[in-house]
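Only one structure is covered here, and it is reproduced in the block below.
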Amino acid sequence: MNDSKIRVRFAPSPTGPLHIGGVRTALYNYLFARKNKGKFILRIEDTDQTRFVPGAEEYIIEALDWCGIRFDEGVREGGDYGPYKQSERKAMYRKYAEQLVASGYAYYAFDTAEELADMRKKSEAVKKTFIYNADMRHQLKNSLTLPGEKTKKLLETKTPYVIRFKIPQERSIKINDLVRGEIKVRSQVLDDKVLFKSDGMPTYHLANVVDDHFMKISHVIRGEEWLPSLPLHVLLYEAFGWDKPQFAHLPLLLKPDGKGKLSKRDGDRLGFPVFPLQWIDPKTGEKTSGYREEGYFPEAFINMLALLGWNPGDEREIFSLDEMTQVFSLERVGKSGSRFDPEKAKWFNHQYMLKKNNRELAQMFMPLLKNHGIIADTEYVEKVVSLVKERAHFVHELWDQADFFFKAPESYDPKAVKKRWKQFSYDQITALKTLLAGIDDFSPENTEAAVKKWLEENGYGMGAVLNAFRLLIVGTLKGPHLFDIIALIGQEETLRRLETGLHELGRKE
RNA sequence: GGUCCGUUCGUCUAGCCAGGUCAGGACGCCAGGUUUUCAUCCUGGUAACACGGGUUCAAAUCCCGUACGGACUACCA
């Protein structure tokens, strides 16, 4: 196995549904792996037992499946570097935490959470920041301050403890980030982070570094919220004597209404989904909408998301996953956070609507027709879809655009009637009906030619007649080319609708 | 408060690293055209380099400062 191979991971914690920012992080990792012929790994970071949410892990996998983002290794796929769930790797974290203590890079701390919270509060009261660091650790209860005997005894008597990293004094840490360039931090502003919790589980920092090392991760591509802990991670790699991976911190997805990063809690508040799939909270039963259920095509969703923070450098905007893979690079990821634009998301979906073939759209449309009590054959639906898809953003909008292909109008739009049903309309449509009844070939070309010839011969206004005609066929003034419509619904149905319309609207005095 | 990161049209962004084109594109919006209608489509328009200083013949681009925004500051990830 070649160590220089590209291996990246997406490492969510199963504390709820994945939001679109998380999906984008997964997507960029996926694209980077594919582009560089590397491996993409899913690791579940479930070290916080208190925040575990049932169904979250399944949700994450299902969401990425829907997006077409595939893993090479992971909880489901397996692989040579498993297990891929941190709760199943528990033993090794303790081992490496102890190793750090033994080598002097970490220490046992016996302060309780309450004691520390209290000290923070007191510091705050005098406008000071409490930092568990080189300045403070000698005043606190830990294996650095306590005599060896005492520490030993506390450990033997099972006194709760954590293992903290001993941040070195006076070090300038320089790290190159693939997105943001060089980042400099002085070690004295860092605090002695907990690596290993009193419940026997590691914190994110330890688990992350240990796993990335043993899973041979070459590039850590994650959200910008991790940037502040990057120095700690770098120090950890050094303490272990391990080569560190390259880092890339992605800009955040921001709330469109102003402040802060997008979060799971935004739910439906924003007027657009923040989740790829619908989520039903297992505790409250509360339902939050998802892009899938809203009618977005996964290709459109992914495409839209990819362009939020990345661009190909040319003016293309519509990309399949494969096409994105060809041109993706971390260099072209932006530095600043982006706001999501619901309008543009709709536009993307519309673009994919137009790209989809009619058969596929018909298959998606049929179940909706069924909900309206309509069973139609595929071929007919395909023809309908081909005529109306350009005027819909979503499959579910198709019904509003195409209902008249499946049933005669039940009423006539009053506004349209007022505008287009004139004194002369009754006689004109009556005559038109006779004309249409006499046509054998009801193809659009043929009926159109015949009607236009008739209009010309009688000196009738095209707009006047055709709009009244449309009104009786459709029920309102909308829809595709009229002669395409009547060809599809057929001569018999056309004549029937004219008859009904003449009867309903009557002769206007 | 502290640390780190960021800032080009309303939004997503190109251009910045290797200073020198009326700052380009897309969404939206507006107007016009096409169409029997609606939509599509086509044409045009709208609108931005956060601010101040410095370097330079020349700065959106390099440097410094300010402002604003964001992330982090848990035995959460």
Side-chain angles (χ1 to χ4, degrees), chain A residues 11-15 45-48 50-51 109 111-113 116-117 120 123-124 127-131 160-164 177 179-181 183-186 188-191 193-199 201-205 207-208 222-231 249 251-252 254 256 258-261 304 307-318 331-332 334-348 350 354 388-392 401 416 419-420 448 451-452 455 461-471 474 476-483:
Chain A
S13 59
T15 55
E45 308 219 327
D46 55 347
T47 53
D48 186 352
T50 61
R51 290 209 306 159
D111 321 272
T112 66
L116 292 174
R120 276 196 195 92
S123 292
E124 215 173 292
K127 298 240 186 260
K128 275 192 171 174
T129 315
F130 174 85
I131 310 178
Y161 68 91
V162 300
I163 295 176
R164 283 182 184 272
D177 183 278
V179 171
R180 335 193 78 86
I183 289 153
K184 281 180 262 183
V185 190
R186 293 170 312 140
Q188 48 267 57
V189 302
L190 270 25
D191 60 344
K193 278 270 178 284
V194 172
L195 300 178
F196 196 80
K197 301 184 272 188
S198 58
D199 66 358
M201 288 295 249
T203 60
Y204 171 85
H205 307 291
N208 200 257
R222 77 234 292 194
E224 193 189 316
E225 68 267 29
W226 292 111
L227 205 49
S229 49
L230 179 56
H249 288 86
L252 265 16
L254 275 15
K259 307 213 172 287
K261 67 169 177 174
M304 173 272 297
L307 271 310
L308 240 40
W310 171 83
N311 73 81
D314 56 39
E315 278 164 7
R316 281 180 299 167
E317 292 198 285
I318 303 298
E331 283 161 36
R332 296 213 60 88
K335 289 180 169 67
S336 47
S338 27
R339 262 170 258 278
F340 171 74
D341 180 3
E343 286 305 319
K344 188 128 189 191
K346 281 184 193 163
W347 176 80
F348 271 109
H350 184 234
L354 298 177
V388 299
K389 67 176 176 184
E390 67 191 19
R391 58 198 72 216
Q401 298 298 334
K419 195 173 170 196
R420 293 302 188 181
E448 181 167 3
V451 170
K452 284 192 170 162
L455 285 170
M462 183 131 122
V465 176
L466 289 183
N467 278 304
F469 185 13
R470 174 178 295 277
L471 176 61
V474 173
T476 185
L477 301 176
K478 68 168 186 188
H481 196 58
L482 189 49
F483 297 98

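Sequence lines set the chain letters: A, B, ... in the order given, protein chains first and strands last, and positions in each chain run from 1.
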- Is there side-chain contact between Asp341(A) and Trp347(A), with heavy atoms separated by less than 4.5 Å? no
- Item | Short side-chain N/O contact from Thr50(A) to OP1 or OP2 of C76(B), under 4.0 Å | no
- Query: If you take atom types as modelled and just measure distance, does the side chain of Arg51(A) reach the base of C76(B) with a donor-acceptor pair under 3.5 Å?
  - Reply: yes
- Task: Send over the distance from Leu230(A) CG to U3(B) P, rounded to a whole Å.
- Result: 18 Å
- Within the structure shown, what part of the strands sits under 4.0 Å from Gly309(A) by heavy-atom distance: base, sugar-phosphate, or nothing? sugar-phosphate
- Quick one: sort the His205(A) and Trp226(A) rings into parallel, tilted or perpendicular, breaks at 30° and 60°. perpendicular
- Message: On RNA chain B, does the nearest nucleotide to Ile183(A) precede the nearest nucleotide to His350(A) from the 5' side, or the other way round? Give the residue.
- Response: Ile183(A)
- Contacts of Asp191(A) and Lys184(A) projected onto RNA chain B by closest heavy atom; the upstream (5') one is Lys184(A)
- Base U35(B) paired with His481(A) side chain (donor-acceptor, <3.5 Å): no
- Query: NZ of Lys197(A) to OG1 of Thr47(A): how many Å apart, nearest 0.5 Å?
  - Reply: 4.5 Å
- Query: What string of B, S and - do you get for nucleotides 23-30 of chain B, 5' to 3', when a contact is any protein heavy atom under 4.0 Å?
  - Reply: -SSBB---
- Message: Does Asp111(A) reach a base, just sugar-phosphate, or nothing at all? Heavy atoms under 4.0 Å.
- Response: base
- Query: Arg470(A) near the nucleic acid: base, sugar-phosphate alone, or nothing, with a heavy-atom cut-off under 4.0 Å?
  - Reply: base
- Message: Using a 4.0 Å heavy-atom cut-off, does His249(A) contact any base of the nucleic acid, only the sugar-phosphate backbone, or nothing at all?
- Response: nothing
- Would you classify Ser198(A) as touching base, sugar-phosphate or nothing, given that sugar-phosphate means primed atoms plus P, OP1 and OP2, and contacts are heavy atoms under 4.0 Å? base
- Query: Rounded to the nearest 0.5 Å, how far does CG of Leu307(A) lie from CD1 of Ile318(A)?
  - Reply: 8.0 Å
- Between Arg120(A) and G2(B), does any side-chain N or O lie under 4.0 Å from OP1 or OP2? no
- Message: Please classify the nucleic acid contact of Leu482(A) as base, sugar-phosphate, or nothing, using heavy-atom distances under 4.0 Å.
- Response: base
- Message: Considering every strand and a 4.0 Å limit on heavy-atom distances, what is the contact class for Val194(A): base, sugar-phosphate, or nothing?
- Response: sugar-phosphate
- Query: Is there a donor and acceptor pair, one atom on the side chain of Arg339(A) and one on the base of U11(B), closer than 3.5 Å?
  - Reply: no
- Message: Side chain of Leu477(A), heavy atoms from C-beta onward: which of C72(B), U37(B), G70(B) has the nearest atom to it?
- Response: U37(B)
- Query: Would you say G6(B) has OP1 or OP2 under 4.0 Å from some side-chain N or O of Arg180(A)?
  - Reply: no
- Could you check whether Arg222(A) gets within reach of a base, just the sugar-phosphate, or nothing at all, counting any heavy atom under 4.0 Å? nothing
